[in-house]
Amino acid sequence: MTSTPTDKRPFHPAELGTLAVMAWSGEHPDERGDLAFLLAYALGDGPGGAEGTSAAVRTLLENTGLPVGGPVVDATTRPSFPVSLLVEAGQAVVNMPHLNAQCLVPPEWLAAVRERGHAYFIFATRPWPEGSPGVQMTQATLSAFAGDEEMLAGAAHCLLPARSLRT
């Protein structure tokens, strides 16, 4: 008996270190009105340091079907996509194989999600230690990372439909 080889590389969640998710809303060049954004990133504090964390994030994303540096995946048209977004009680919860992450979201983010029915999800492969949870973030600091072309080019991008417990 032979087995079929798999494209998936082994993934060990502990290699990710600390993960965080941040939410904001704002204009997007291809959209009218505000768009809700979610940014997932690692701090780079995994056992392999920043490089090991980045490699672990890449493996997670590739194994999940989120192309790193590739096109935006439109999960709004793929009901069985393995990444989902639950919006409930002022929080956004992203569920993926091997992890769940949640964050509080501002009222303007909730309004943008209600209007569009989805959020633009970015999962950075580059660690961002300055984005530690609980540390006060300025708009300039967020913009410097979230708008960095190199970070965006090396990230996975996805439109996630917003679901709630009521729907």
Side-chain angles (χ1 to χ4, degrees), residues 1-25 28 30 35-88 91-105 109 113 118-135 137 141-163:
M1 176 179 210
T2 61
S3 63
T4 306
T6 178
D7 294 318
K8 294 187 177 188
R9 289 182 271 171
F11 173 72
H12 306 285
E15 294 175 356
L16 293 171
T18 306
L19 287 177
V21 177
M22 184 177 296
W24 76 95
S25 61
H28 189 272
D30 298 336
L35 182 61
F37 292 90
L38 281 173
L39 172 65
Y41 57 94
L43 299 184
D45 59 355
E51 286 183 24
T53 298
S54 183
V57 169
R58 283 181 175 279
T59 299
L60 170 67
L61 295 172
E62 290 166 0
N63 288 355
T64 303
L66 282 169
V68 173
V72 176
V73 175
D74 186 354
T76 65
T77 62
R78 298 171 63 184
S80 61
F81 194 69
V83 182
S84 64
L85 170 62
L86 175 69
V87 178
E88 194 67 38
Q91 294 191 21
V93 181
V94 176
N95 295 298
M96 305 175 62
H98 303 290
L99 69 92
N100 298 319
Q102 67 185 41
C103 69
L104 293 173
V105 294
W109 188 92
V113 161
H118 63 267
Y120 191 110
F121 178 58
I122 303 164
F123 202 133
T125 59
R126 185 171 87 195
W128 189 30
E130 297 83 10
S132 267
V135 173
M137 179 79 51
T141 303
L142 172 60
S143 294
F145 184 77
D148 181 77
E149 289 187 29
E150 186 177 316
M151 184 284 293
L152 290 169
H157 301 261
C158 183
L159 288 179
L160 288 177
R163 297 185 173 100

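Please read these numbers as outputs of a predicted model, since none were measured by experiment. Quick note: residue numbers are just sequence positions, from 1.
- Remark: Leu85 CG to Leu159 CG distance equals 11.0 Å, nearest 0.5 Å.
- Annotation: side chain of Thr59 is not in contact with side chain of Glu15 (no heavy-atom distance under 4.5 Å).
- Listed by chain and number, the residues in a side chain to side chain donor-acceptor pair (under 3.5 Å) with Ser143 are Gln139 (sequence neighbours excluded).
- Among residues two or more places apart in sequence or in another chain, the ring pair (Phe, Tyr, Trp, His ring centres under 6.0 Å) test is passed with His98 by Phe11.
- Here Leu152 pairs with Ile122, His157 under the side-chain contact (heavy atoms from CB on, under 4.5 Å) rule; sequence neighbours left out.
- Here the closest non-hydrogen pair linking Pro133 and Ala20 is CG-CB, 3.9 Å.
- Legend: residues meeting ring pair (Phe, Tyr, Trp, His ring centres under 6.0 Å) with Trp128, ordered by chain and number and at least two apart, are Tyr41, Phe145.
- Rounding to the nearest 0.5 Å gives a distance of 5.5 Å between CG of Leu142 and CE of Met22.
- Proximity of a side-chain donor or acceptor of Ser54 to a complementary backbone N or O of Thr125 within less than 3.5 Å is detected.
- Every side-chain contact (heavy atoms from CB on, under 4.5 Å) that Pro82 has, sequence neighbours left out, goes to Thr64, Pro97.
- In this structure, Trp109 contributes its side chain and Phe37 its backbone to a donor-acceptor pair below 3.5 Å.
- With sequence neighbours excluded, the residues forming a side-chain contact (heavy atoms from CB on, under 4.5 Å) with Gln102 are Gln91, Val93, listed by chain and number.
- Residues that satisfy the side chain to side chain donor-acceptor pair (under 3.5 Å) test with Arg126, not counting sequence neighbours, are Asp148.
- Taking every heavy atom of both residues into account, Met151 and Ala124 meet most closely at SD-CB, 3.6 Å.
- Annotation: side chain of Val83 is not in contact with side chain of Val73 (no heavy-atom distance under 4.5 Å).
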**Asked** For Val105 and Val113, what are the C-alpha separation, side-chain angles and deciding distance, and is it a side chain to side chain contact (heavy atoms under 4.5 Å, CB included)?
**Response** CA-CA 11 Å; Val105 294; Val113 161; over 6 Å; no
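- For the pair Leu38/Cys103, a side-chain contact is recorded, criterion being any heavy-atom separation below 4.5 Å from C-beta on.
- The shortest heavy-atom contact between Gly154 and Arg58 is O-NH2, 4.3 Å.
- Residues that satisfy the side chain to side chain donor-acceptor pair (under 3.5 Å) test with Asp45, not counting sequence neighbours, are Thr18.
- The two residues Ser132 and Leu43 have their closest heavy-atom pair at OG-CD1, 3.6 Å.
- Of the inter-residue distances, the one linking Thr76 atom OG1 with Leu160 atom CG reads 9.5 Å to the nearest 0.5 angstrom.
- Applying the side-chain contact (heavy atoms from CB on, under 4.5 Å) rule to Ala40 yields the partners Val21, Phe121, Phe123; only residues at least two apart in sequence or on another chain are considered.
- With sequence neighbours left out, Glu88 forms a salt bridge (charged side-chain N to carboxylate O under 4.0 Å, His left out) with Arg166.
- Legend: residues meeting side chain to side chain donor-acceptor pair (under 3.5 Å) with Asn95, ordered by chain and number and at least two apart, are absent.
- Residues in residues 47-81 take part in no ring-ring contact (aromatic ring centres under 6.0 Å, His included) pair, two or more places apart or across chains.
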**Item:** Trace of the side chain to side chain contact (heavy atoms under 4.5 Å, CB included) decision for Glu130 with Val135
**Value:** CA-CA 8 Å; Glu130 297 83 10; Val135 173; over 6 Å; no
